[in-house]
Each structure stands twice: as structure tokens, then as C-alpha cells.
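What you see is a predicted model; the values in this text were computed from it and never measured. Computation of the quantities below employed the complete heavy-atom set of this structure, encompassing side-chain atoms and omitting hydrogens, waters and symmetry-equivalent molecules.
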Amino acid sequence: MKFLLAFLFVTTSFNLFAASTYECEFLGPNYLLTINDNEVITLKNNFKSFNCKKGLVNFPGTELDLRVLNCANRNEKVTFYFAEMNDEIILSNSLGTSKDITCNKIN
């Protein structure tokens, strides 16, 4: 029994440390962006929750690949251009025409 409890504790400890969480400043309520080491990505607040996947798209007219975050829930699909710098992630709905969303690392 002690071995089982120790194993459960170690397993859950690794799961807690296997995620990076960022607070994203949207116009309405802020969202939490959680990126796990196993590539499970969620974007959620008290009202909405999205499951996300990283992807690539071509910059129009070039061969340059841009990183995107494709997020979906039952009713909505949203795509954000995605840039990572140190402990900050920048999300943008479109290139140059939308306000960037800053996500600061909280753990």
C-alpha cells in the first residue's frame, strides 16, 4: 500500500511540473494558456475552454512558415499566430491588423 501511494505521489508530481502556464490578457476575461510536455494545449477561462494544437502555415506569397495555434471547442474554432520569447508568448488573430495578445508565464 505504501508503495502504491508513493508511486501515485511521484506520478502526480511529474504531471504538475510537466506544464507551463501563461496568463493571456484578452479584452474580456483573461485566459490561461497551458502547454504540457506531451503537447496537450488548453486555452481557458471561467466561461470558455479550447483544446489547441500547434501548426504551421505559409506566409502569403512566400515559402516562410509561420507558427499557429489552432484552438477549438464544440462551438468555435479560432487560429492565432504564435510567437514564443523567453517567458512570454505573443498571440495574434491576424497579421498586422489586430492587437497582439500578451501571455506572461506564471509557472
Output, in order, the C-alpha distance, side-chain angles, deciding distance and verdict of salt bridge (Lys or Arg N to Asp or Glu O under 4.0 Å) for Glu23 and Lys105.
CA-CA 6 Å; Glu23 183 175 10; Lys105 191 170 188 174; over 6 Å; no
Quick one, Glu76 and Phe50 - any side-chain contact, counting heavy atoms below 4.5 Å?
yes
More than 12 heavy atoms from other groups under 6.0 Å of NZ on Lys53
no
Answer yes or no: is there a side-chain heavy-atom contact under 4.5 Å between Ile89 and Asn104?
no
Min side-chain heavy-atom separation Leu32-Ile106 under 4.5 Å
yes
Rounded to the nearest 0.5 Å, how far does CG of Asn70 lie from CZ of Phe82?
11.5 Å
Just so I know, are the side chains of Val68 and Phe80 near enough to count as touching, which here means a heavy-atom distance under 4.5 Å?
no
Pairwise side-chain contact, Asn58 with Leu66, heavy-atom cut-off 4.5 Å (strictly under)
no
Are any of the side-chain heavy atoms of Ile41 and Leu69 separated by less than 4.5 Å?
yes
Taking the side chain from Asn36 and the backbone from Glu39, do they hold a donor-acceptor pair closer than 3.5 Å?
no
Are Phe47 and Val78 connected into the same hydrophobic cluster when the rule is that any two of I, L, V, M, F, W, Y join if their side-chain heavy atoms are below 4.5 Å apart?
no
Are Tyr22 and Glu84 close enough that some pair of their side-chain heavy atoms sits under 4.5 Å apart?
yes
With a 4.5 Å limit on heavy-atom distance, are the side chains of Thr102 and Ile90 in contact?
yes
Rounded to the nearest 0.5 Å, what separates atom OH in Tyr31 from atom NZ in Lys44?
12.5 Å
Heavy-atom count check: over 12 atoms from other residues, nucleotides or ligands less than 6.0 Å from Leu27 CG?
no
